[in-house]
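In each ligand, atom 1 is the first atom listed, and ligand 1 is the first ligand listed. In this text, all values refer to a predicted model and were calculated from it rather than measured experimentally.
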Amino acid sequence: MRLERAHLIHVDLPLVSPFETSFSVQTHRSLLLLRVETDQGVGWGECVAMADPLYSPEFLSAADQVITQFLLPRLAGVDLTAARVGHLLAPVRGHRMAKAAVEMAVLDAELRGANMSLAAYLGAVHDRVPSGVSVGIMPKVDELVAAVGGYLDEGYQRIKLKIKPGWDVEPVRTVRREFGDIPLQVDANAAYTKADLPRLKALDEFGLLLIEQPLEDEDLTEHAYLAARLTTPVCLDESIVSAKSAADAIALGACSIVNIKAGRVGGYLEARRVHDVCAANGVPVWCGGMLETGIGRAANMALAALPNFRLVGDTSASARFFTTDIITEPFVLQDGHISVPTGPGLGVEVDEAALASVTTARSELTFA
Ligand code: OSB
Ligand code: MG
């Protein structure tokens, strides 16, 4: 397969409601889509970086630059397969979310040409995945209770509460009191330090499924310290950037569960390697989310259908974040589950006219 042309498409979509985490309040999702044209057809990728470098060091305008200047030129004039992309891009350090978008677009083009679904290519064993939801920090606990109640009514099978110092024990206690023994977990996005052990220990009494990324990305030793002292299992998100870092974190005792986001680890192929390393160590994984459009959501459903995705993920319906997923047909909740696409490649069709209506910037690159 030969790369002929690429389009970088910046999009802005309003969110159905503000999404607050320990690091930001989002009212809309700015995102970057990548459309590649090859001699075998078109492929789509989505870059999960956010507008600002607050969740991870990557951010959208930097992703555009690194894809344009350093990543796509390395694929030009090469006999391309998705499996070769990682090696071709390896000399460029970091920028995993940008690399993941490139690999995803190549994968989509290749698999469409081969008439194979991403789920089949990755080794999926389920045709639908259970759906969980990540619930943001709210101005008042009452509003949180109303939001959680709404999601449970819709059929979501697991609730994740975003926490930060000052918004932790109280909201968790209230949600437990209101909704009883629901599958419940929390995500701190690195907002605590080792000195917060007593505060985090106070969450133990609520029987949470896990606590996600309490400490800084690089604090593996500190996570191990915490994990040895909490009864709530520690799960890592930001800290896990590769299969190697997953192996290291497990060996250190820094976590007993891993959140897999393909963008964070450099692509769906590395995500599968993270899955395999965790499976080999008896560590269950679940699929994280980054407020994806239907393009990224489609790929996440395929990934989440692998056998070691034993916990419910942030695999929500499109309507969790967007009124209309005007990029692709929306992913909908049926009986608390979402169907894994079966069509070739990502298995979704991009509505290019609708996409044009939300595009804020677009550039085109041509390759010889
Ligand atoms: O830490 O999991 C996270 C969204 C943006 C950045 C980081 C995170 C999140 C979420 C998941 O919590 C949201 C989703 O369902 O896409
Ligand atoms: Mg997280």
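- At least one N or O atom of D187, backbone or side chain, sits closer than 3.5 Å to an N or O atom of ligand 1.
- Taking the charged nitrogens against the carboxylate oxygens, R176 and E178 have no contact shorter than 4.0 Å, which rules out a salt bridge.
- Here's the thing with N189: one of its N/O atoms is less than 3.5 angstrom from an N/O atom of ligand 1.
- Residues K160 and E212 are paired through a salt bridge, judged by an N-O separation under 4.0 Å between the basic side chain and the carboxylate.
- The closest approach between any non-hydrogen atom of E212 and ligand 1 is below 4.0 Å.
- Although no hydrogens or angles enter the test, the distance criterion places no donor-acceptor pair under 3.5 Å between the side chain of Q157 and the main chain of G132.
- Under a 4.0 Å N-O distance rule, the pair R273/D276 does not qualify as a salt bridge.
- The heavy-atom pair separating V258 from C235 by the smallest distance is C-SG, 4.0 Å.
- Not a single N or O atom of N259, backbone or side chain, sits closer than 3.5 Å to an N or O atom of ligand 1.
- Contact detail for L161 and P171: the closest heavy-atom pair is CD1-O, 4.3 Å.
- Protein heavy atom closest to atom 4 (C) of ligand 1, with residue, atom name and distance, is L291 CD1, 3.3 Å.
- Under the 4.5 Å side-chain heavy-atom criterion for ILVMFWY residues, a single connected hydrophobic cluster contains both Y151 and V175.
- Polar contact check, E238 against ligand 1: no nitrogen or oxygen pair lies under 3.5 Å apart.
- Residue F23 places no N or O, backbone or side chain, under 3.5 Å from any N or O of ligand 1.
- Paired with K162 under the rule side-chain hydrogen bond (donor to acceptor under 3.5 Å, both in side chains), one option of N189, T21, D168 passes, and it is N189.
- By the 3.5 Å distance cut-off applied to N or O atoms, D237 is counted among the residues near ligand 1.
- Ligand 1 lies less than 4.0 angstrom from a heavy atom belonging to K162.
- For the ligand labelled ligand 1, residue Q26 lies outside the 4.0 Å heavy-atom shell.
- Proximity of a side-chain donor or acceptor of Q213 to a complementary backbone N or O of D237 within less than 3.5 Å is detected.
- Only protein atoms were considered; those of element N, O or S under 2.8 Å from the Mg ion (ligand 2) number 3.
- Not a single N or O atom of F19, backbone or side chain, sits closer than 3.5 Å to an N or O atom of ligand 1.
- The backbone N or O of Y268 sits less than 3.5 Å from a side-chain atom of E103, completing a donor-acceptor pair.
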